[in-house]
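As the structure lists them, so they are numbered: ligands from 1, and atoms in each ligand from 1. This is a predicted model, so every value here is computed, not measured.
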Amino acid sequence: MTAVTTDAADGYEAVFDAAVAADERIEPRDWMPDAYRATLIRQMAQHAHSEIIGMQPEANWITRAPSLRRKAILIAKVQDEAGHGLYLYSAAETLGVSRDELLDKLHSGRQRYSSIFNYPTLTWADVGAIGWLVDGAAITNQVPLCRCSYGPYARAMVRVCKEESFHQRQGYELLLALSRGTPAQHEMAQDAVNRWWWPSLMMFGPPDDESAHSAQSMAWKIKRHSNDELRQRFVDICVPQAEALGLALPDPDLRWNEQRGHHDFGAIDWSEFQAVLKGNGPCNEQRLAQRRQAHEEGAWVREAATAYAEKHRHQPAAPDHPEAAQDQRSHVDRPTELQEATA
Ligand code: BYC
């Protein structure tokens with residue numbers, strides 16, 4: 001961005017503030033405060049990283065899915081998460097960072113991904129619990145992001161949320177089948193819910209009075225609700241769903257509070273959350289090591305895609321015939337898609 005005088009910057013800032021106040025979208029070429037840009041890059045990168053790291057715990061069960069139907073569904077879901085990563089990295093790139101830079105920060109531990117993906121998937125029922133609770137928490141958090149003030153992020157979220165909604169239902173349906181199955185299957189479903197419930201509540205981030213970024217992000221309309229508001233909404237949604245599933249939520253303090261019109265719930269173990277954030281969760285090391293390895297192993301595909309794109313850049317312009325032009329375009333576009341898919 002070109003340097004501007006203080007007066008001019010004040011003018012730009014006033015335009016930016018007015019756009020946010022009027023619920024207009026900020027677009028990539030609009031002036032924005034440096035801190036707004038940095039906050040978006042931080043959150044969107046963390047979000048993108050979560051999507052691609054989030055593929056690992058579930059992919060763990062693809063080869064062991066109990067039926068062809070379940071396997072096909074799980075493959076599609078894991079593939080969707082890769083797609084979400086791509087939309088989000090692309091949206092983040094509109095802020096002037098490159099995907100390479102973001103991935104480098106993930107791999108070197110300088111940017112975060114969601115705490116939830118540092119827990120292991122021990123049984124098949126964990127695939128259901130992730131769908132129901134983790135994707136359910138993700139939707140609760142992400143639906144308001146469809147109204148985020150930054151246009152590319154908000155638009156990416158629309159499709160992500162539609163897909164997450166399918167993911168949540170497949171998890172719910174999977175758990176329902178187990179819960180209504182044999183006693184051993186029911187027990188497996190209950191055990192998975194016991195292990196995923198509290199980490200799912202932690203996904204919403206620290207309590208409001210300890211959330212470093214919430215106030216500013218809400219003022220900028222990046223976040224529309226606080227961490228505690230969304231956590232409460234999630235708990236209220238899950239209680240009747242757990243009843244319908246015939247599964248218990250592992251919280252003896254969970255009860256309806258008539259006065260508040262919400263469910264009260266027990267204390268979250270924030271020391272566990274902090275430990276996971278510091279890299280000491282059960283799977284932090286494994287997740288990052290696997291991600292780095294996948295990136296290194298994909299280097300040849302990125303190189304081939306770049307060489308292919310370079311070769312076709314020098315080809316003659318597309319002929320006039322629309323179909324031929326379409327063919328020509330698809331040759332030129334493909335390497336870019338390939339690059340994205342393997343980045
Ligand atoms: N894990 O000031 P705060 C998904 C960090 S779903 C790790 O409240 P903010 C998926 C936070 O970064 C998951 N770190 O932060 C689902 C900050 O540290 P830094 C991804 C966390 O940003 C199914 C510090 O704690 N979703 O992808 O205002 C299948 C203080 O927090 C966490 C998103 O990312 C956490 N849970 O609010 C596959 C949604 N929580 O950066 C994939 C978009 C907090 O100062 N993100 N921290 O070092 C958001 O909505 C917000 O970033 C958060 C946190 C609500 C998560």
Side-chain angles (χ1 to χ4, degrees), residues 35 38-59 74 77-89 91-92 105-106 109-119 121 126-127 129-148 150 153-154 156-157 160-161 163-168 170-171 196 198-231 233-234 268 270 272-279 281 284 287:
T39 295
L40 278 169
I41 292 173
R42 180 186 61 78
Q43 177 168 327
M44 289 162 73
Q46 178 172 322
H47 195 164
H49 300 331
S50 304
E51 299 285 355
I52 61 168
I53 296 265
M55 295 166 70
Q56 292 184 30
E58 292 183 282
L74 186 55
K77 180 186 190 288
V78 172
Q79 191 170 295
D80 282 352
E81 308 300 357
H84 297 174
L86 296 187
Y87 315 151
L88 286 161
Y89 284 121
K105 285 188 173 155
L106 168 65
R110 283 175 293 153
Q111 275 175 348
R112 300 184 188 284
Y113 58 90
S114 181
S115 50
I116 193 75
F117 300 117
N118 293 305
Y119 293 86
T121 40
D126 288 23
V127 172
I130 290 182
W132 176 40
L133 296 173
V134 175
D135 289 88
I139 297 169
T140 310
N141 168 277
Q142 288 167 24
V143 165
L145 290 175
C146 298
R147 293 187 297 116
C148 163
Y150 188 57
Y153 192 23
M157 277 301 112
V160 169
C161 286
E163 291 175 355
E164 293 294 11
S165 167
F166 160 77
H167 298 166
Q168 194 266 355
Q170 69 82 34
W196 288 93
W198 292 106
S200 299
L201 295 190
M202 295 174 198
M203 281 175 74
F204 294 92
D208 290 352
D209 53 7
E210 286 165 34
S211 165
H213 307 291
S214 277
Q216 182 59 76
S217 290
M218 285 172 71
W220 278 327
K221 297 186 181 169
I222 294 173
K223 284 167 85 163
R224 293 284 182 160
H225 304 280
S226 76
N227 299 354
D228 285 334
E229 275 167 18
L230 292 174
R231 194 173 1 256
R233 186 177 293 179
F234 177 67
I268 294 172
W270 290 112
E272 177 181 319
F273 175 73
Q274 291 305 338
V276 173
L277 257 57
K278 285 199 183 97
N284 293 59
R287 298 287 185 242

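- Taking the six-membered ring where the residue is Trp, Phe204 and Phe234 present tilted rings, their angle falling between 30° and 60°.
- Within the structure, salt bridge (Lys or Arg N to Asp or Glu O under 4.0 Å) contacts touching residues 209-225 (residues at least two apart or in different chains) are Asp23-Lys221, Asp23-Arg224.
- Pairs engaging residues 38-51 under the salt bridge (Lys or Arg N to Asp or Glu O under 4.0 Å) rule: none recorded [sequence neighbours left out].
- A salt bridge between Glu81 and Lys77 is present, with a side-chain N of the basic residue lying under 4.0 Å from a carboxylate O of the acidic one.
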Between ligand 1 and the protein, give all atom pairs where both partners are nitrogen or oxygen and the distance is under 3.5 Å, as lines of names plus distance to 0.1 Å.
residue  : atom   : partner : partner atom : Å
ligand 1 : 1 (N)  : Ser115  : N            : 2.8
ligand 1 : 1 (N)  : Ser115  : OG           : 3.4
ligand 1 : 2 (O)  : Ser211  : OG           : 3.1
ligand 1 : 2 (O)  : Ala212  : N            : 3.0
ligand 1 : 2 (O)  : His213  : N            : 2.8
ligand 1 : 8 (O)  : Ser211  : OG           : 2.7
ligand 1 : 8 (O)  : Asn227  : ND2          : 2.8
ligand 1 : 12 (O) : Arg42   : NH1          : 3.4
ligand 1 : 12 (O) : Gln46   : OE1          : 2.8
ligand 1 : 18 (O) : Arg112  : NE           : 3.1
ligand 1 : 22 (O) : Arg42   : NH1          : 3.1
ligand 1 : 22 (O) : Arg42   : NH2          : 3.2
ligand 1 : 27 (O) : Glu51   : OE2          : 3.4
ligand 1 : 28 (O) : Lys223  : NZ           : 2.7
ligand 1 : 36 (N) : Ser115  : OG           : 3.1
ligand 1 : 36 (N) : Met203  : O            : 3.2
ligand 1 : 37 (O) : Lys223  : NZ           : 2.9
ligand 1 : 41 (O) : Arg42   : NH1          : 3.1
ligand 1 : 45 (O) : His213  : NE2          : 2.6
ligand 1 : 48 (O) : Arg112  : NE           : 3.0
ligand 1 : 48 (O) : Arg112  : NH2          : 3.1
ligand 1 : 50 (O) : Asn141  : OD1          : 3.4
ligand 1 : 50 (O) : Asn141  : ND2          : 3.0

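- Under the salt bridge (charged side-chain N to carboxylate O under 4.0 Å, His left out) criterion, Asp228 pairs with Arg231, sequence neighbours left out.
- Side-chain atoms of Gln43 and His213 form no donor-acceptor pair, as typed in the model, at a separation below 3.5 Å.
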